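Working notes for the structure below.
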There are 2 protein chains.
Amino acid sequence: MARHFIIFVLIIFSINGYAQDPYRANRAQWLAQAQQLTPKFNETLKRPVNTVVLVKDAGAFQGWKAQPTDSLTAFYSGSFQKKKQVVLDFGEHITGYVSFSLKLLRGSSDAPTRFKLTFGEVPAELATPFDPYKGGLSRAWLQDEVVTVMDIPETVSIARRLSFRYVKIELMGSSQYFDFAVSDIQCKAVSSVSTKPAPLQASAASDIRAIDSVGLTTLKECMQTVYEDGPKRDRRLWIGDLYLESLANSYSFKNFDLTKRCLYLLAGLSGEKGFLIGTVFEKPEPHPQENQYLMDYAFLYNAALKEYLAATNDTETANDLWPVAKRQLDIIRNYLLPTGMMDYPRANKEWWLFFDWKDGLDREAALQGIAIYTLKQTYDLAKALHKEGELNDVPALIKKMSTAARKNLYDAKTGLVYSGSSKQVSYASQIWLTLSGALSKKESQQALLNVAKQKDALYPGGPYLYHYYVQALISAGLNAEAKATVTNYWGGMVKKGADTFWEVYDPKNEYLSPYGFFPVNSYCHAWSCTPVYFIRKYPEVFQE
Amino acid sequence: MARHFIIFVLIIFSINGYAQDPYRANRAQWLAQAQQLTPKFNETLKRPVNTVVLVKDAGAFQGWKAQPTDSLTAFYSGSFQKKKQVVLDFGEHITGYVSFSLKLLRGSSDAPTRFKLTFGEVPAELATPFDPYKGGLSRAWLQDEVVTVMDIPETVSIARRLSFRYVKIELMGSSQYFDFAVSDIQCKAVSSVSTKPAPLQASAASDIRAIDSVGLTTLKECMQTVYEDGPKRDRRLWIGDLYLESLANSYSFKNFDLTKRCLYLLAGLSGEKGFLIGTVFEKPEPHPQENQYLMDYAFLYNAALKEYLAATNDTETANDLWPVAKRQLDIIRNYLLPTGMMDYPRANKEWWLFFDWKDGLDREAALQGIAIYTLKQTYDLAKALHKEGELNDVPALIKKMSTAARKNLYDAKTGLVYSGSSKQVSYASQIWLTLSGALSKKESQQALLNVAKQKDALYPGGPYLYHYYVQALISAGLNAEAKATVTNYWGGMVKKGADTFWEVYDPKNEYLSPYGFFPVNSYCHAWSCTPVYFIRKYPEVFQE
């Protein structure tokens, strides 16, 4: 996910505000904790399996497939001066540091040699010209690097970390007076994962196994020094991704220290008023993205902390970070109208409300839903820490807001949730009122089944909201639908050749990009990894 | 100079040949000597003086001039996100390692940033698109580097050594969600020169001073771990360049250890039969360019060694390398016809004969001239080492070859030297028969004056042959013409804004390139530095 809007937030804290930084005493310690938990990398040396040729194929994902051609041995022994271009396939998605070696075949290298290396997670990335670049994000995310090699033999290292399966090498300049070959190319793959997850239940079908496996790779690739959203792009910690990754991690790699590190990092870098900032950077030193206040993500921190405690029983950390979770509830109190509804227009103006990449999505219902959900999650956390006394107003708040939600957003006659003045029907709205518990299980079932029948309903724009859709289906007892969603949606990516799950996937439009240029999409994206969590947490849903 | 022809030489040494490597016992020691003499760099930190704009100007060299615009302070404080492109002027020619720093002006760097840096020795280099590249040498000589910067603030170093006065920085990709400035750019300039030459005689005129100064800079920039031909291209040791640089060095920086190192390196890397190879490389370990046998350059080694001894009295080195000089004379013996003429057709087929970059030049006369010249230089060297007894045949050879030259190449009626079956009249032929001493001083004068009047005479293609032209004029006592040549030809470059003297300069065609693309020419080239030598060795020629 790349959310690059800069929202200048002016929130007046007349009632719930703090005169000064509420965590002044804690920040340095929290950041030191995060620092101390910086993981060691598990490093693995990877090499390509063969050369490929990119072939146009209307049936392939985004119109291009990679077809094996030569063995590595054949490629390494031939003149690259003559070949001039090659695509190598590493056979799997890799995140790490690439180097390649050049050897002389004839003569002396009497001049420098110029190469362009382009790294792609999917074949179409290598087949689509990057320039003139029309995308909305930085052109520099695209992984093409130009290298001058002064002398051959030489081993050249690409400084930036790369995320790819395929690499195209193009000869951009050379002397005709000597000949040379590429003699090796390798990648020092990095991940903070060093454990193997437990095997799936024996009853799991092959398609489920395949989805789980791709999900595990996706998660592993994103687990670096933080839970990154994507190792190609944006390579950083977002609360929303952290939440989903940590769920999947709890049921697979169980690297709980990474979750703990991220929770501390986000706390240490929260805004002055104590509200969490949606995304933070590690370099050159840890810092938040200025004013990147993202309300639904701030809420999900509480759910993540609750789940972390449940998975680890680490009450020390949960107690330490409790003031942060508690403080996020003030966001809800601050935007709550006397009607029991969240003040959506004001929230939408002052914060970034995400929920999904979907043009035209009205987020009123989803906001109301997630606010109630957050109150409940936080209250559960408080109970686990025996601190529910600090949230005395919360049970009444939940009740009031749930009633308001039903009254203002739900139509019992149609069995659907409507959002905003236009009475928009979307999956997002049904999902979040289901997850909030404001609807009964029966009503939730109806809402989720009904929305699927509405031709014009706004369906999820990507895997992130699909996660909550599956969660809602399971919580409404719609197990068959949950399984079908996983096998159709994530299974659809697998069928299209995904090695890792994609940031953006609309089965109806393979070229969809929130950034105006599909090659800049991330094709290994954390928020898409959650089939791992579903399949392993709810084996009964996914058996044959 | 870039001579990239690969000549496969098959020379049968029936008489003068060696059964095996004649230097087998010496090579390792010679190379170790060279290694031991590797100079320490004199490092200086350089920064730009201001920004410039490139302006089309028919009156400027190659049609472009650099016009000062902003101060560095102004540039460093402004947004580069907005500016997107800049040209910086370092105010002088520099060879070294560039780094630049970036600082944030607003926000966090939420995406990588992509830059293209193009380094130019002359303004037109930055104003002429490099692609699609049509030049004959490697495209990679052109100094444009593409850099991805993952996080800002950052200081980025360009790995390759650069040679430039101007640098263009272009923004090729960035995120609109933060702003940044270039906060510094610097170059660690390197040269093995650490001395200051003596001041010029007080009587020297300002144009002579200017030429001397540009020559000194040219020489200094080329003096690295060897005498390079050009710090931008080809960055390596050629015997022809070494000879001219060492002459200039003897009268200026007096870094005789560098000359000594180069003489040892060339000896250590000579061919198996003991003949010198025209050019050698230092990396990855010292090695010659295979089969790059260049006859006139092999000859000039002897002149260089003789001059080195004269300048230093280092008889130990001269004695040590004497077998190499002596051996080169066998090339002459091997190609000598009974007539006393060099067998030009066979030499031309089996070796590379250079003398000048000039299409269509017939090299018969020049070859005869340089052969005689080399016999004389080597005999002088032998005498200085009291080894003339080893060259008993040489005086007679000189006589025989001089007589043959006069008979076959010189026409006393026209007072001109003719070369080849087409009786070509060229400067090269007059020059080399003058330098050989085969013509009397009077005849030399006439030949040199007459050729200037011949409309169709092939004039020198570049500074390398202009050097020998000036030397010939001086040796013929044509001091005024020598001075005029220096002030017109080299002075012409100075008038056109040269900071360093160029590899290629034809006053009639500023775009001339032996490589089909003028920006790949070297604009700081060793063989052009010799006004330093002339002005300082012959002050009487250059006074007002």
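Treat the numbers as computed from the prediction; the structure is a model and nothing was measured. Labels below follow one simple rule: chain letters A, B, ... track the order of the sequence lines, proteins then strands, and each chain is numbered from 1.
- No part of A:Arg161 comes within reach of chain B, as not one of its non-hydrogen atoms sits under 4.5 angstrom from that chain.
- Inter-residue side-chain proximity for B:Val146 and A:Lys116 is flagged as unmet; no heavy-atom pair is nearer than 4.5 Å.
- The closest side-chain heavy-atom distance from B:Phe164 to B:Cys187 is below 4.5 Å.
- No salt bridge links B:Lys232 with B:Glu503; every basic N to acidic carboxylate O contact stays at or beyond 4.0 Å.
- Both the backbone and the side chain of A:Asp144 come within less than 4.5 Å of a heavy atom in chain B.
- Separation of atoms CG (A:Asp151) and CG (A:Leu104) is listed at 9.5 Å; rounding is to 0.5 Å.
- Checked by atom type and distance alone, the side chain of A:Asp179 never pairs as donor or acceptor with a backbone atom of A:Ser79 at under 3.5 Å.
- For A:Met172, the part sitting under 4.5 Å from any heavy atom of chain B is the backbone (N, CA, C, O) and nothing else.
- Per-residue heavy-atom pair counts under 4.5 Å with chain A were compared for B:Arg160, B:Glu154, B:Lys283, and the maximum is reached by B:Arg160.
- In this structure, chain B has no heavy atom under 4.5 Å from any part of A:Tyr133.
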